[in-house]
There are 2 protein chains.
Amino acid sequence: MTIPKQTNRRKELVTIAAGLFKQESFDRTTVRMLATATGIKSGSLFHHFKDKEEILVAVIEGGLETSIEVINKQTKNIKLADQRLFAAIYGHLMTLHGENKDAHIVSIIEWKSLSTLSKSHLIQLRDEYEGIWQGIIEQALDAKLLEGEAHLLRLFVLGSLNWTIQWFKPEQGLDTEQLAHNFYHSLTHQFITK
Amino acid sequence: MTIPKQTNRRKELVTIAAGLFKQESFDRTTVRMLATATGIKSGSLFHHFKDKEEILVAVIEGGLETSIEVINKQTKNIKLADQRLFAAIYGHLMTLHGENKDAHIVSIIEWKSLSTLSKSHLIQLRDEYEGIWQGIIEQALDAKLLEGEAHLLRLFVLGSLNWTIQWFKPEQGLDTEQLAHNFYHSLTHQFITK
DNA sequence: TTACAAACCAAGCAAGCGCTAGGTAATAAA
DNA sequence: TTTATTACCTAGCGCTTGCTTGGTTTGTAA
């Protein structure tokens with residue numbers, strides 16, 4: 001029988017799965033690889049999850065929830081439009097390149113691997129995250145930091161940031177905060193005032 | 001035996017494969033699906049390609065070559081920095097959302113599915129394409145259209161544009177040219193002068 | 001010490017995968 | 001009309017995949 005949810009063991013498995021899904025992709029990660037990495041036999045995985053997809057759902061769910069927490073925390077006590085925008089950019093990049101990045105990355109690149117049913121459930125979390133961004137962008141538009149249409153801008157901005165998964169390695173010279181500053185500058189044509 | 005290259009039949013197969021790879025992803029496209037879609041039996045595929053990966057390589061190679069052709073053609077007789085930048089943006093979006101888009105899309109999202117060997121060959125084409133973009137961005141920086149560092153800007157811009165694969169559908173109100181204009185505006189904070 | 005659920009193992013099944021071998025049909029040049 | 005080449009089919013092999021079943025160990029609380 002599948003366990004309700006959220007046991008400690010289950011969380012451990014999800015964390016390890018996130019790492020493998022990110023490294024190898026969901027399709028190329030076999031249940032045997034997951035089992036070896038977690039130190040159990042492949043059949044025992046199905047005591048915790050009813051099937052392989054449920055593992056992916058758990059990973060993505062965790063990734064999205066963390067992202068929402070981070071952006072809320074980052075922008076919570078900030079009022080000024082420019083600082084809010086920068087905080088959101090930096091927060092987003094942190095969830096992609098800081099610690100525990102795997103789950104958020106997987107939630108972005110493996111979205112297509114989800115079944116229609118799982119998507120319809122997780123889409124709420126994604127909408128919530130995008131809604132927060134939408135507000136920040138609109139505020140930045142009002143403050144004349146940005147130009148264009150809010151909805152498209154959000155897609156352009158998040159696209160750019162998400163794409164950093166493909167090329168950015170924090171070890172190589174530039175760190176995540178510097179990257180955030182560079183992006184903010186190229187986006188707004190201004191420097192952030194501290 | 002595998003045929004040297006570039007027979008007509010092979011081209012047909014590559015085009016059909018591009019469509020499936022885009023729709024289903026490389027991993028989830030089986031040789032049997034490819035065979036059915038092309039109207040032959042699965043074994044016959046290996047008369048044209050030595051293995052499944054060679055099909056992917058052919059698709060990506062074609063996609064990259066077309067992209068290079070398009071951007072060269074688009075920016076060929078244009079001198080002004082703003083118009084060159086817009087032409088590159090529009091050209092890139094055309095290869096992603098216009099006709100024969102599949103191959104270019106696959107070349108972007110299935111890069112990770114390539115073997116190290118195949119990558120080392122195709123990387124030349126990718127470098128060539130990115131080099132062209134680099135020049136256009138530098139020229140735009142000189143003309144004060146953009147702000148920031150050229151290398152990072154190229155990654156930000158192409159990231160945004162590539163990300164449109166995930167959400168842009170030309171049928172839904174906005175067409176590709178309008179999208180290009182919107183992006184140009186949000187990026188440069190200016191409108192293009194015709 | 002018993003009781004019971006949670007966590008795991010051993011063994012393997014059915015299905016699907018990429019790919020091969022050996023033969024046949026179509027096309028066209030000699 | 002022969003010969004060669006290209007294109008395809010038939011049949012299936014060997015392997016890996018996700019997942020199941022039935023039994024065993026471990027932890028915990030009464």
Side-chain angles (χ1 to χ4, degrees), chain A residues 1-60 106 110 112-119, chain B residues 1-60 106 110 112-119:
Chain A
M1 233 257 281
T2 309
I3 295 164
K5 266 198 173 180
Q6 299 305 27
T7 69
N8 282 342
R9 191 70 179 114
R10 196 182 144 110
K11 275 191 182 175
E12 285 176 42
L13 300 187
V14 169
T15 304
I16 292 172
L20 275 171
F21 289 166
K22 185 217 147 194
Q23 198 177 78
E24 303 284 337
S25 88
F26 176 68
D27 284 323
R28 285 189 286 273
T29 301
T30 68
V31 294
R32 274 160 252 260
M33 290 164 70
L34 287 166
T36 305
T38 53
I40 59 178
K41 300 294 170 182
S42 66
S44 306
L45 277 174
F46 298 94
H47 171 72
H48 299 277
F49 306 92
K50 79 174 226 284
D51 56 24
K52 193 187 166 192
E53 206 215 347
E54 196 177 284
I55 309 179
L56 179 62
V57 171
V59 169
I60 292 184
V106 171
E110 296 293 352
K112 276 190 173 176
S113 302
L114 291 166
S115 67
T116 319
L117 192 68
S118 306
K119 264 185 218 158
Chain B
M1 231 255 281
T2 308
I3 294 163
K5 266 196 174 182
Q6 297 307 27
T7 67
N8 281 342
R9 191 73 179 112
R10 197 181 144 110
K11 277 191 182 175
E12 285 176 41
L13 301 186
V14 168
T15 304
I16 291 171
L20 274 171
F21 289 165
K22 185 217 146 194
Q23 197 177 80
E24 303 284 336
S25 89
F26 176 68
D27 284 325
R28 286 189 286 273
T29 301
T30 69
V31 293
R32 274 161 251 259
M33 289 163 71
L34 287 166
T36 304
T38 53
I40 60 177
K41 300 295 168 181
S42 68
S44 307
L45 277 173
F46 298 94
H47 171 73
H48 299 276
F49 305 92
K50 81 172 225 286
D51 55 24
K52 192 187 165 192
E53 205 214 348
E54 196 177 284
I55 308 180
L56 179 61
V57 171
V59 169
I60 293 185
V106 171
E110 296 293 351
K112 276 189 172 175
S113 303
L114 291 166
S115 70
T116 320
L117 193 69
S118 304
K119 265 184 217 158

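Sequence lines set the chain letters: A, B, ... in the order given, protein chains first and strands last, and positions in each chain run from 1. Hydrogens, waters and symmetry mates are skipped; everything else that's a heavy atom, side chains included, is used.
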Checklist entry - Does the side chain of B:L13 come within less than 4.5 Å of B:I55's, by heavy atoms? => result no
Checklist entry - Can you name the closest pair of heavy atoms from A:K22 and B:K112 and give their distance? => result O-NZ, 4.3 Å
Item to check | Distance in angstrom units between A:L34 CG and D:dC19 P, rounded | outcome: 11 Å
Checklist entry - B:H48 and B:S44: which non-hydrogen atoms are nearest, and at how many Å? => result CD2-O, 3.6 Å
Checklist entry - Tell me: CD of A:E54 to P of D:dT20, nearest whole Å? => result 12 Å
Next on the checklist: Under a 3.5 Å distance rule, please check whether A:E53 uses its side chain to pair with a backbone N or O of A:S115 as donor and acceptor.
Outcome noted: yes
Item to check | Touch class at under 4.0 angstrom, heavy-atom based, for B:T30 against every strand present | outcome: sugar-phosphate
Checklist entry - Base, sugar-phosphate, or nothing: which does B:T38 touch, judged by heavy atoms less than 4.0 Å apart? => result nothing
Item to check | Separation of atom CD1 in A:I40 from atom P in D:dG18, rounded to whole Å | outcome: 14 Å
Checklist entry - Rounded to the Å, how far apart are A:F46 CZ and D:dG23 P? => result 21 Å
Checklist entry - Just to confirm, is there a sub-4.0 Å distance from OP1 or OP2 of C:dC8 to any side-chain nitrogen or oxygen of A:H47? => result no
Next on the checklist: Can you measure A:R32 atom CZ to C:dC9 atom C1' for me and round it to whole angstrom units?
Outcome noted: 14 Å
Checklist outcome for this item: A:K41 atom NZ is separated from C:dC8 atom P, nearest whole Å, by 13 Å
Checklist entry - For B:S44 and D:dA7, is the shortest distance between a side-chain N/O and OP1 or OP2 below 4.0 Å? => result no
Checklist entry - Nearest-Å distance, CD (B:E53) to P (C:dG18)? => result 13 Å
Checklist entry - With a non-hydrogen cut-off below 4.0 angstrom, is A:R9 in contact with a base, only sugar-phosphate, or nothing? => result sugar-phosphate
Checklist entry - Between atom NZ in A:K52 and atom P in D:dG18, what is the gap in whole Å? => result 4 Å
